[in-house]
Amino acid sequence: MSEERSLNFIEEIVEEDIANGKNGGRVLTRFPPEPNGYLHIGHAKSICLNFGLALKYNGKTNLRFDDTNPVKEDIEYVDSIKEDVKWLGFEWANEVYASDYFDKLYELAVALIKQGLAYVDDSSAEEIAIQKGTPTEPGVPNEYRSRSVEENLQLFADMKAGKYPDGAKVLRAKLDLASTNMHLRDPLMYRIRHTHHHRTGDAWCIYPMYDFAHGQSDAIEEITHSICTVEFIPHRPLYDWFIEKLNLFPSKQYEFARLNLNYTVMSKRKLLQLVEENHVDGWDDPRMPTISGLRRRGYTPASIREFCERIGVAKRENMIDVGLLEFCIREDLNKTAWRRMAVLDPVKLVITNYPEGQEEIFHGENNPEVEGGDGSREFQFSKELWIERDDFMEVPTKKYFRLGIGLMVRLKSAYIIKGESVVKDADGNITEIHCTYIPESQSGNDTSGINVKGTIHWVSVAHAKTAEVRLYDRLFQVEDPSNEEGDFKDYINPNSLHILPAVYIEPDLANAKIGTPVQFMRKGYFTLDKDSTPDKLVFNRTVTLKDGWVKK
RNA sequence: UGCCUGAUAGUAUAAUGGUAGUACGACGGUUUUUGGUACCGUUUGUCUAGGUUCGAAUCCUGGUCGGGCAACCA
């Protein structure tokens, strides 16, 4: 634990800046989501990076909503984003909105017009696209590019005043139509949108574009390190240009590669489609890679933070194996989740030499990983128990350590038993297993001298409660659905959800709480779902236990 | 066929001209009243061709391959 992890390239930059006394050693980052969807695990990487940097270097982080496109944004998303960031365990210094700066941004645009560095263009979107040229051919100026400052000032004021319909005019920066960087060919700064904004209402009908909102917001807040993903690299010269021409605080942009996880999709557009077309149960469906989905699935904030730490930060494209995420949640839950017994695929076990009607109370540690077991709970033992169907094999194979005819196994926290015979139905399916128990082998008090290789879990037929259990598998059948032939939805895993309507659980599990993880011994980690009612418990499987047993 | 980026085990990530290391995975073993955990071990790598240098993953040149860029999205 005292092992130092080496610095990622952004931490190196920050340390160098601090060493050079840049910004007086001050570090202020920001997490700037557009409130047009729910946060996913890719955002978690950015959140952990931005907030983590501030924590590490004694700085602060702003939560800023990049709400410059009212057509796609909604307050619902603002609320969910705040909830998710908090849940991950981070505190922002200021909650701010790009829309807070609409007045300031308008002034800055006017200032640029006055310098002759911006103009109002009456062209249509199509015309502008054509006039921009292609990467190999320079763009060409149009008649509007040479409008006078006075005329531009008037037209821009008229745009703001609502004198024109959507699309009639735009404000563009006057840069370089021949630039090899397409983003510098007179980029749009403002467009007309007669749309209600979730925060500013109908106060505005012109809205700034990303390039004229993001960097300026950074500068207004005096962000020292503005960290974004690599697809914004071509925007950086523009980012710097606006700041320079407007003489603003010199925030600097740095870029890292976004997270890609296999067997899922990460784009908001695709996630939205999954939700809207009902391929999943909503943004927080436990199969979704959203923060809310992972939370409902049973992932913990600590496990997600650890995951983000382990994947590292670099600039090259990457595809992280979802197995690493699973490793992180198992690692966390192994240390914290209480152990309970639940039989998912039951078959009845009858102990023929156990007295009819007799009951015994046994105890089980809550967590053997914790000193002292973290307390214990009680459960009843009786003549008839439920055990897992695959914990019995009529004709055992060589390395089978569980129950078989003539094979002995321990019932967890109870007795050693020996398989004797089976009862089958007309189709040859086993309906009951008969066994005998060794009275001297009681757990913690074993004088039998018998050593068995296997231990299986169980619940008493007379005392078990039932619950619905939802087993989840990966949402897609291929590693990279977005990169396959055809539509990504063609690769949805039809078996990503498997519902077990009536699983037998030990009585104590009736006290389960939403948000408290539990290990069903030998089966995996589970968590109570929000669909639960007092009459009907529903558990989600977060992840299976690692299975080191190579069958046959 | 322009510009910008990137390339280290299966997957990620470190080594900042001086022994290619770490994690996850896989495989094997020890312990175990969870075939879990823990612990131990094995495995596999510098895209390519030149150059500079006593010495190159690192610096230089050419090539190859991947990603991004021509939204009134962010």
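FYI, side chains are in, hydrogens and waters are out, and symmetry mates aren't considered; it's all heavy atoms of this structure. Each chain gets a letter, A, B and so on, in the order its sequence line appears, and its residues count up from 1.
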Should the side chain of [X] and the base of [N] be counted as holding a donor-acceptor pair, with the cut-off at 3.5 Å?
{"X": "A:Gln519", "N": "B:rU34", "value": "yes"}
{"X": "A:Ser413", "N": "B:rU33", "value": "no"}
{"X": "A:Arg410", "N": "B:rU33", "value": "yes"}
{"X": "A:Arg330", "N": "B:rU37", "value": "no"}
{"X": "A:His183", "N": "B:rA71", "value": "no"}

ask   = For A:Asn69 and A:Asn36, does a side-chain donor sit closer than 3.5 Å to a side-chain acceptor?
value =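 Note: A:Asn69 and A:Asn36 side chains miss the donor-acceptor criterion.
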
Remember a base hit wins even if backbone is also touched, and classify [X] as base, sugar-phosphate or nothing at under 4.0 Å, heavy atoms.
{"X": "A:Gly548", "result": "sugar-phosphate"}
{"X": "A:Lys453", "result": "nothing"}
{"X": "A:Asn334", "result": "base"}
{"X": "A:Ser179", "result": "nothing"}
{"X": "A:Val230", "result": "nothing"}
{"X": "A:Glu369", "result": "base"}
{"X": "A:Lys412", "result": "base"}
{"X": "A:Tyr210", "result": "base"}
{"X": "A:Ile233", "result": "sugar-phosphate"}
{"X": "A:Gly139", "result": "nothing"}
{"X": "A:Ala213", "result": "nothing"}

inquiry  = Partner lookup for B:rG28, please. Criteria are Watson-Crick or G-U wobble with both distances under 3.5 angstrom; report none if nothing qualifies.
reply    =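 Checking every strand shown, B:rG28 finds its partner in B:rC40, with both distances under 3.5 Å.
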
request  = Go ahead and name the base partner of B:rA74; Watson-Crick or wobble counts if both distances stay under 3.5 Å, otherwise write none.
outcome  =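 In the structure as shown, B:rA74 has no Watson-Crick or wobble partner.
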
Between [atom2] of [N] and [atom1] of [X], the distance in whole Å:
{"X": "A:Asp211", "N": "B:rC69", "atom1": "CG", "atom2": "C1'", "result": "12 Å"}
{"X": "A:Trp549", "N": "B:rA26", "atom1": "CH2", "atom2": "P", "result": "17 Å"}
{"X": "A:Tyr119", "N": "B:rC72", "atom1": "OH", "atom2": "C1'", "result": "13 Å"}
{"X": "A:Lys132", "N": "B:rC69", "atom1": "NZ", "atom2": "P", "result": "14 Å"}

key: Given A:Arg145, A:Arg172, A:Arg147, the one that forms salt bridge (charged side-chain N to carboxylate O under 4.0 Å, His left out) with A:Asp121   =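 That would be A:Arg172; it is the only one of A:Arg145, A:Arg172, A:Arg147 passing the salt bridge (charged side-chain N to carboxylate O under 4.0 Å, His left out) with A:Asp121.
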
task = Determine the Euclidean distance between corresponding C1' atoms of B:rA15 and B:rA9; express it in Å to zero decimal places.
result =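 The answer is 15 Å between these two C1' atoms.
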
inquiry  = If you assign A:Gln442 and A:Val313 each to the RNA chain B nucleotide with the nearest heavy atom, which residue ends up on the more 5' nucleotide?
reply    =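 Looking at RNA chain B, the more 5' nearest nucleotide goes with A:Val313.
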
ask   = A:Phe401 or A:Arg193: which one's nearest nucleotide on RNA chain B is closer to the 5' end?
value =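 By nearest-heavy-atom nucleotide position, the 5'-most residue is A:Phe401.
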
query = Which nucleotide in the set B:rC72, B:rU34, B:rG68 lies at the smallest distance from any side-chain heavy atom of A:Met521?
reply =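 Shortest atom-to-atom distance from the side chain points to B:rU34.
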
query = Is the shortest side-chain N/O distance from A:Thr136 to OP1 or OP2 of B:rC3 below 4.0 Å?
reply =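 A:Thr136 to B:rC3 OP1/OP2: no side-chain N or O under 4.0 Å.
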
query = For A:Arg191 and B:rC73, is the shortest distance between a side-chain N/O and OP1 or OP2 below 4.0 Å?
reply =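 Yes, such a contact exists.
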
Pair [X] and [Y], ring centroids less than 6.0 Å apart:
{"X": "A:Tyr190", "Y": "A:Trp204", "answer": "no"}
{"X": "A:Phe242", "Y": "A:Phe212", "answer": "yes"}
{"X": "A:Phe381", "Y": "A:Tyr437", "answer": "no"}

query = Salt bridge check: are A:Asp218 and A:Arg64 linked by an N-O gap of less than 4.0 Å?
reply =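 Looking at A:Arg64 together with A:Asp218, the answer is yes, because their closest N to O distance falls below 4.0 Å.
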
